[in-house]
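Chain identifiers are assigned alphabetically (A, B, ...) following the order of the sequence lines, protein sequences preceding nucleic acid strands; residue numbering begins at 1 within each chain.
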Number of protein chains: 2
Amino acid sequence: MKKLLTGTEKLCRLWSKRFDPSLALVLRAVGGEELDFRCEMELVLERFDPMQATIKDVARRAGVSVSTVSLVINNSGPVSPETRQKVLRAIEELGYHPRRFARSLASKRTGNIGFILTSDHFSRAEPFYTKIFLGSEFEARNYDYYILLTTVEKRGKNAGQLPRFLLERNVDGVIFAGYVPVPLVERVYELGVPFVLVDFLVKDRPFSCIVMDNDQAVRRAVGHLVAEHGHRRIAFVAGEIGHPSIRARLEGYRKGLEDFGIPRDPRLERTEEPHCSMDGGYRATRRMLEEKLEFTAVVTANDATAFGVMRALKEAGLRIPEDVAVVGFDDIDAASQVDPTLTTLRVPKEEMGALALRRLVEVIERPGLAFERTVVPTELVLRESCCGRARAPKLMDLTKEKIILPEGGDVDNTQA
Amino acid sequence: MKKLLTGTEKLCRLWSKRFDPSLALVLRAVGGEELDFRCEMELVLERFDPMQATIKDVARRAGVSVSTVSLVINNSGPVSPETRQKVLRAIEELGYHPRRFARSLASKRTGNIGFILTSDHFSRAEPFYTKIFLGSEFEARNYDYYILLTTVEKRGKNAGQLPRFLLERNVDGVIFAGYVPVPLVERVYELGVPFVLVDFLVKDRPFSCIVMDNDQAVRRAVGHLVAEHGHRRIAFVAGEIGHPSIRARLEGYRKGLEDFGIPRDPRLERTEEPHCSMDGGYRATRRMLEEKLEFTAVVTANDATAFGVMRALKEAGLRIPEDVAVVGFDDIDAASQVDPTLTTLRVPKEEMGALALRRLVEVIERPGLAFERTVVPTELVLRESCCGRARAPKLMDLTKEKIILPEGGDVDNTQA
DNA sequence: ATGAAAGCGCTAACAG
DNA sequence: CTGTTAGCGCTTTCAT
């Protein structure tokens, strides 16, 4: 049985909720008679309320209904210019901002995007994925989205488990960065939640993704080593060969050799390490040296690996690049800070993150959009580790770093 | 005038909302007679609904009211063990998860925390603040919070402007990382939104913050250079002297010299560069060399600066550390990857981020908690750039890096 | 210990 | 073009 509240009672509740419960008690004591001061009180509240204005306040002040205000806010419907002006002014005067969660509840859209990567990538805090994340984050603002980042286990019991924000329906879409568990991707797909992969793709599945031209990139690097520097004995060092990108890089290395009719030497393909890390590069190189293999250049699966390679070479008393040239992949910050500076394939990390975000927003806003694969080009950045100190640009001329773009030949300068 | 909806009408709406509007039309055509299939239909929905179960579904299935379910979920109220079991089972069976935004609307708590740093720090993507962020992010999960990251302008028209998530009331508290505009901090303070500063503090304000023992750290480093290696001519290179942390490091440098009665030489205090960057370090060092200043060691304000210093020294044909020793600050990843590896002061970045998160959650959950300043200790990590290759640990023994802890030294590490 | 009911602030369908 | 109204899914008195 619904009990009608008296004016005073309502008021008490209001105060008790929005201010201090003790004030409500005072009011209760004072308000012996039942008056409907609702309206006056709301005006009072408007002036003293420590809480932000609501859509109701705006409506009252503008002398229109809440729906009209909503239409104005969302630009979703015809509103006469005068009314719009009134509403806009009220919003301005009250400093009104719609609350995110209230909109979410009513509209089923959260304005959040989930960013998922493996704890592996996270805990090793690889600058590579950090950059991608930052790229997405930055772009997200342009579309008025927030990004919620989380990590998942690559394997083990929790591997297929949905992140919290999906269970709580707290995101409108998801970006997967790097090598995530395929079952997880499939589950998200089944849930019907829009998603995009970055630097990853699922075999035999046409999911939307943003990847680099991994194989062509390495192929180009090998081409440079052979054509410009006359290398013939070129090694390839990588780990984590399960990652599609890494595998593609190996393929690119092979194609590169093939382009020049150089026979493959399996002993120079070092993919035995579990990770593409500095440690992995170091150990693999030590082993090659111990096996007395001949090589004058090393192409690696990423910059971290290259650092390990360089370290091992130096410890063995070999000069870089005079005795052995080294090429990395990614162009992380440290690549231009090590000595000698590292020739590497620059991946447009932030740009990839931004691209992923844009594509995801598209899908969110136009459900049923077809999957699409985007391949972004990398650039070969020539530095000391393959060209030598004399020929490579000096530190302070970063803008003049020589860069070989995928499209053209030896295009000079221009840093992206 | 409220119009009562018939059973069919209700059903149509339901379907139209939760499924496909076209289905609703079909139903409308079929349901000529007015039946109240509400109950049956809800059971049907329960089985086929692509949407997640709601608290109502749980209540119905458990045969209790929604309030009881709420009590169970939040552990906020007395519920008989049997009822609790029933509810828990229903939740389990339905795979129910409360929606974040619905809770927010009802409870006024969002479960989000804002993370604010300047676009400066962001766009230069300094690994330092990235690590702090990751530390907070990781810890946030333990407390069931999400982190929303955003950047603000350090200066200019937008400098004092509130980030979106504050306007939209989309966070329960805020973490400020690094040097943010003081007016912004003050505004957040006035808004009554809980906040914590990391690696920053506002002069003459007792705001809660997590900072390192900047001055003591550098003092210890100087002490090491003097006591262990006999240096007397020690330079200090930094930029961005407005940042409290950087200023404190300069103070530490001065104290360090004082400890050994070494007179200060203003020409060896290079703080003219705008930023603590590789470029800044490089240029400052070039200038010192051009001015023919004598120095056998350089203490820098951060690792990036140190890299620039090393580069300039090498270009000048000086050996590190034989001719000049170098000490950094932060211990970013690259510090152990450069050649020679960099002696530096390790800042527990992730730990600081986590600490900030914990402190913030405390404040959020117990409003009115007093401000508190936390000083975390740094460690002096000895590597090749001051000890030389022979004495410093080899690459692969990272765990055996020699570390001097603040406690172990002869210095007092309390900071006001 | 449990349930009924009143919101939280907003959107969107629908009626005028 | 504008207003009325019914929710969205949950929390939180308050009464029982």
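Mapping A:Pro78 and A:Val66 onto DNA chain D by nearest heavy atom places A:Pro78 at the nucleotide closer to the 5' end. Nucleotides of DNA chain D nearest to A:Val79 and B:Ala106 differ in position, and the one nearer the 5' end is that of A:Val79. Residue whose closest nucleotide on DNA chain C sits further toward the 5' end, between A:Ser76 and B:Thr68: B:Thr68.
At whole-Å resolution of the value, CD1 in A:Ile73 and P in C:dG9 are 13 Å apart. B:Ile55 has its CD1 atom 5 Å from the P atom of D:dC10, to the nearest Å. In this structure, B:Arg103 places its CZ atom 21 Å from P of C:dC10, rounding to the nearest Å. If you measure from atom CG of A:Asn74 to atom P of C:dA12, you get 7 Å, rounded to the nearest angstrom. Atom pair B:Gln85:CD and C:dA1:C1' shows a separation of 16 Å (rounding to whole Å applied). Taking atom CZ of B:Arg84 as the reference point, atom C1' of C:dT2 lies 13 Å away to the nearest angstrom. The distance from atom NZ of A:Lys56 to atom P of D:dT4 is 13 Å, rounded to the nearest whole Å. Look at CZ on B:Arg109: it is 12 Å from C1' on D:dT11, rounded to the nearest Å.
For C:dG9, one of the phosphate oxygens OP1 or OP2 lies less than 4.0 angstrom from a side-chain nitrogen or oxygen of B:Lys108. Dashed line: the shortest gap from a side-chain N or O of B:Ser65 to OP1 or OP2 of C:dG3 is under 4.0 Å. For the OP1/OP2 pair of C:dA12 and a distance below 4.0 Å, the side-chain nitrogens and oxygens of A:Ser70 include no atom meeting the criterion. A sub-4.0 Å separation between OP1 or OP2 of D:dT12 and a side-chain N or O of B:Ser107 is absent. For A:Arg99 and C:dC8, the shortest distance from a side-chain N or O to OP1 or OP2 is not below 4.0 Å.
Across all strands, B:Thr83 comes closer than 4.0 Å only to sugar-phosphate atoms, never to a base (heavy-atom distances). Residue B:Val64 is in sugar-phosphate contact alone, with no base atom involved, counting any heavy-atom pair closer than 4.0 Å across all strands shown.
A salt bridge links B:Arg359 and B:Glu372; the closest N-O separation between the charged side-chain nitrogens and carboxylate oxygens is under 4.0 Å. The pair A:Glu82-A:Lys86 fails the salt-bridge criterion, with no side-chain N (NZ, NE, NH1 or NH2) lying under 4.0 Å from an Asp/Glu carboxylate O.
Applying the 6.0 Å contact sphere to CZ of B:Phe371 captures more than 12 heavy atoms from other residues, nucleotides or ligands. For A:Phe165, the CZ atom sits in a packed shell: over 12 heavy atoms of surrounding residues, nucleotides or ligands are nearer than 6.0 Å.
The CG atom of B:Leu357 sits 10.5 Å away from the CZ atom of B:Phe133 when rounded to the nearest 0.5 Å. With values rounded to the nearest 0.5 angstrom, A:Leu94 atom CG is found 11.0 Å from A:Arg89 atom CZ.
Partners of A:Leu105 under the side-chain contact (heavy atoms from CB on, under 4.5 Å) rule, at least two apart in sequence or in another chain, are B:Phe101, B:Ala102, B:Leu105.
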>> As a check on the pairing definition, encode DNA chain C in dot-bracket form, counting Watson-Crick and G-U wobble pairs whose two distances are under 3.5 Å, and using | for partners outside this strand.
In response: ||||||||||||||||
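Cation-pi check for A:Arg164 over B:Tyr146 is met; the charged atom lies under 6.0 angstrom from the ring centroid and within 45 degrees of its normal.
Proximity note for A:Thr54 (side chain, C-beta onward) versus C:dC10, D:dT2, D:dG9: the nearest is C:dC10. With distances taken from any side-chain atom of A:Ala102 to the nucleotides D:dC10, C:dA1, C:dG9, the minimum falls on C:dG9.
Between the side chain of B:Ser67 and the base of C:dA4, at least one donor-acceptor pair of N or O atoms lies under 3.5 Å.
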